[in-house]
There are 4 protein chains.
Amino acid sequence: MPRDLPPLSIDPCSGEPIWRQIVEQLKVQIASRELTPGERLPSIRNLGSTLKVNPRTVVRAYEELGHLGLVVTRQGQGVFVLNGEAREPASQHARRAVLEDLTRRMLAEGTRMGADADEMLAIFEETCQAMQLPLSKSETTPRNASC
Amino acid sequence: MPRDLPPLSIDPCSGEPIWRQIVEQLKVQIASRELTPGERLPSIRNLGSTLKVNPRTVVRAYEELGHLGLVVTRQGQGVFVLNGEAREPASQHARRAVLEDLTRRMLAEGTRMGADADEMLAIFEETCQAMQLPLSKSETTPRNASC
Amino acid sequence: MPRDLPPLSIDPCSGEPIWRQIVEQLKVQIASRELTPGERLPSIRNLGSTLKVNPRTVVRAYEELGHLGLVVTRQGQGVFVLNGEAREPASQHARRAVLEDLTRRMLAEGTRMGADADEMLAIFEETCQAMQLPLSKSETTPRNASC
Amino acid sequence: MPRDLPPLSIDPCSGEPIWRQIVEQLKVQIASRELTPGERLPSIRNLGSTLKVNPRTVVRAYEELGHLGLVVTRQGQGVFVLNGEAREPASQHARRAVLEDLTRRMLAEGTRMGADADEMLAIFEETCQAMQLPLSKSETTPRNASC
DNA sequence: GTGGTCTAGACCACA
DNA sequence: GTGGTCTAGACCACC
């Protein structure tokens with residue numbers, strides 16, 4: 001008996017393709033362990049009717065997740081989340097390029113909307129916590145007040 | 001005599017539309033003050049031939065920057081960077097929603113590629129510095145002043 | 001089965017760009033509820049061939065309506081009229097500035113053509129009625145109820 | 001000795017051509033008698049330097065006003081406002097078509113920005129008053145309070 | 001010189 | 001079927 005999976009929110013009016021919206025949200029859920037390795041994703045028909053989108057669109061999203069190495073399709077059984085540790089990580093150099101680019105875009109968008117770097121850092125740290133990605137230098141732990 | 005403007009790198013094979021690639025890079029350059037308020041962007045024809053893309057594609061990008069409130073076009077003169085301070089910022093609520101989403105995506109992508117939260121925080125801070133967005137960094141300043 | 005949509009009249013010889021003519025007429029139709037919220041606009045290709053203009057020109061018009069917050073496009077499905085009530089109104093101050101300017105221009109043009117204020121007021125009131133924008137008209141209701 | 005003429009405000013960033021902005025504002029000033037028949041407009045060089053625009057642009061605007069029959073150029077002497085009564089008015093039918101169109105656009109734009117018909121009527125009446133275009137049914141005059 | 005408009009047509013992505 | 005992107009080129013308007 002499959003547990004209730006975390007919901008997805010789709011905006012058909014957004015410029016972003018629906019299949020990509022699904023991919024992005026599932027990527028986040030997998031990274032934050034809301035979807036755990038070995039777990040089965042909702043069936044294509046099921047998710048399609050839940051989100052009120054064409055099943056073909058769901059197929060497109062699951063294919064993309066497969067290409068990214070996050071899920072695997074077992075014929076006739078369904079689509080399953082893969083174990084992250086099993087995948088070999090990208091080179092640090094490649095990671096850095098991608099992450100710098102994403103960070104630059106986030107900072108640019110935040111700046112455009114009037115946020116400063118501190119505000120964005122706070123959001124960054126909170127989001128790490130919310131996604132259960134621990135930061136080693138826990139700057140929110142109490143420091144000896146008596147010092 | 002116009003100064004040399006920072007270069008743009010376009011990948012026509014990437015799935016991302018060329019005009020959007022231009023927008024993203026110019027957004028970053030404006031946020032980081034590589035392009036300063038009042039400065040003129042390269043002319044449409046000029047940038048088109050530099051990037052080897054159709055001038056119409058550049059027009060599309062400049063229009064989008066105009067809708068984002070980052071540039072204005074003065075007829076017959078060119079397209080100019082607007083002063084960010086003049087724009088009224090988005091509500092903190094709206095900012096937060098957008099920035100949380102972008103951050104979640106970045107963290108998810110980083111996790112997928114094998115980075116941990118500390119590595120991403122380091123990249124975040126370096127990128128802030130590189131884009132000249134100062135952090136007050138109170139959490140790294142010594143706390144033992146009273147010690 | 002889509003109903004017959006109200007016709008548009010385009011004058012390619014007018015100095016006004018065709019896409020802007022389309023925008024203006026659709027704005028009026030949306031304001032007067034000739035096009036109701038949720039309704040689909042004619043498809044780009046369809047309207048293009050109807051008006052004998054290039055589909056790109058129609059795209060330009062629909063994009064502008066999107067930026068004005070009057071329509072949204074759903075990928076692969078079409079362009080749909082948005083619910084006006086859902087949009088938050090502009091500040092009264094901003095409204096006033098724009099409307100005063102438009103009114104001044106209308107009065108100036110009418111004066112130039114030999115109309116007086118009463119004639120223009122009559123046209124104003126009739127047009128309100130034709131567009132189904134009800135006036136409370138307290139100033140024309142009989143005031144002698146207590147007499 | 002020419003009196004100080006009412007100022008013009010030009011926005012080079014607005015999409016509207018500068019020469020048309022000049023035309024529109026002068027049309028309003030002539031209709032409201034801020035510029036009286038027989039009066040001389042500022043010289044082309046003068047207005048060009050005042051508004052910081054190319055003198056050619058001013059020429060374009062004055063030409064248009066000439067075509068509209070609002071001013072006349074006397075070689076070597078300047079550009080003069082014509083007497084409105086001297087022009088024969090357009091047919092009522094033509095007037096009506098133009099004014100209805102302008103009114104529809106104003107109502108559509110106001111509706112988009114969240115104004116209702118009463119608000120727009122109030123602005124209409126105030127603007128008539130500000131432009132010295134008297135309305136015969138003076139709905140703002142006091143009615144017998146004792147009734 | 002600058003940007004803006006319109007056309008014609010190919011190709012792709014989305015649902 | 002829908003809309004989105006890119007190209008190529010002509011022509012105009014603006015300053």
Side-chain angles (χ1 to χ4, degrees), chain A residues 10 12-22 48 51-61, chain B residues 2 10 12 14-22 40-48 51-64 66 71-80, chain C residues 2 10 12 14-22 40-48 51-63 66 71-80, chain D residues 10 12-22 48 51-61 64:
Chain A
I10 296 301
C13 305
S14 147
E16 200 171 13
I18 292 174
W19 66 268
R20 204 186 290 268
Q21 294 182 44
I22 298 173
L51 300 179
K52 307 217 184 81
V53 301
N54 192 317
R56 273 291 301 143
T57 308
V58 180
V59 171
R60 185 84 166 81
Chain B
I10 296 301
S14 145
E16 202 173 13
I18 293 174
W19 67 266
R20 205 184 288 269
Q21 296 180 43
I22 298 173
R40 214 198 77 180
L41 296 185
S43 85
I44 287 175
R45 291 164 173 78
N46 191 334
L47 186 56
L51 299 180
K52 312 257 180 57
V53 300
N54 190 304
R56 280 280 313 142
T57 306
V58 180
V59 169
R60 187 83 169 79
Y62 282 8
E63 280 176 355
E64 178 68 10
V71 304
V72 284
T73 122
R74 294 195 205 133
Q75 309 173 357
Q77 299 186 237
V79 177
F80 296 81
Chain C
I10 296 302
S14 145
E16 201 172 15
I18 293 173
W19 66 266
R20 205 184 288 269
Q21 296 181 44
I22 298 173
R40 215 198 76 180
L41 297 185
S43 85
I44 289 177
R45 291 164 173 77
N46 190 335
L47 186 55
L51 299 179
K52 312 256 179 59
V53 301
N54 190 304
R56 280 280 312 141
T57 307
V58 180
V59 169
R60 186 83 169 81
Y62 282 8
E63 280 176 355
V71 304
V72 286
T73 121
R74 295 196 204 133
Q75 310 172 356
Q77 299 186 238
V79 177
F80 295 82
Chain D
I10 295 301
C13 304
S14 147
E16 200 171 15
I18 291 174
W19 68 265
R20 204 185 291 266
Q21 294 181 45
I22 298 173
L51 299 180
K52 306 217 184 79
V53 301
N54 192 314
R56 272 290 299 143
T57 307
V58 180
V59 170
R60 185 84 165 80
E64 179 69 10

Would you indicate what B:Arg74 reaches in the nucleic acid, counting non-hydrogen atoms under 4.0 angstrom: base, sugar-phosphate, or nothing? nothing
Gap between atoms CD and P, on D:Gln21 and F:dC14 respectively (whole Å): 11 Å
Rounded to the nearest angstrom, tell me the gap between atom CD in D:Glu64 and atom P in F:dC14. 10 Å
Closest of E:dT5, E:dA15, F:dC15 to the A:Ile18 side chain is E:dA15
Between B:Val53 and C:Ile44, name the one whose nearest nucleotide on DNA chain F is closer to the 5' end. C:Ile44
Length of the CG-C1' vector between C:Asn54 and F:dG9, whole Å: 13 Å
Think C:Gln77 has a side-chain N or O under 4.0 angstrom from the OP1 or OP2 of F:dT2? no
Measure distances between side-chain N and O atoms of B:Arg45 and base N and O atoms of E:dG3, and say whether any donor-acceptor pair falls under 3.5 Å. yes
Between atom CG in B:Asn46 and atom P in E:dG1, what is the gap in whole Å? 12 Å
I want to check one thing: is the phosphate of F:dG4, taken as OP1 and OP2, less than 4.0 Å away from some side-chain N or O of C:Thr73? yes
Provide, to the nearest angstrom, the distance between the CG atom belonging to C:Leu47 and the P atom belonging to F:dG3. 10 Å
Rounded off to whole Å, could you give me the CD-to-C1' distance for the D:Glu16 and F:dC15 pair? 16 Å
Classify the nucleic acid contact of B:Arg60 as base, sugar-phosphate or nothing, counting any heavy atom under 4.0 Å across all strands shown. sugar-phosphate
Check for a donor-acceptor pair, side chain of B:Gln75 on one end and backbone N or O of D:Gly15 on the other, with a separation under 3.5 Å. yes
What is the distance, to the nearest angstrom, from the CZ atom on A:Arg56 to the P atom on E:dA15? 11 Å
Taking both distances under 3.5 Å as the test for a Watson-Crick or G-U pair, what stems of at least three pairs does DNA chain F have? E:1-14 with F:1-14
Output all residues satisfying side-chain contact (heavy atoms from CB on, under 4.5 Å) with A:Glu16, sequence neighbours left out; order by chain, then residue number. A:Ser14, A:Arg20, A:Gln21, A:Glu24, B:Arg105
Whole-Å distance separating the CZ atom of B:Arg20 from the C1' atom of F:dG3: 13 Å
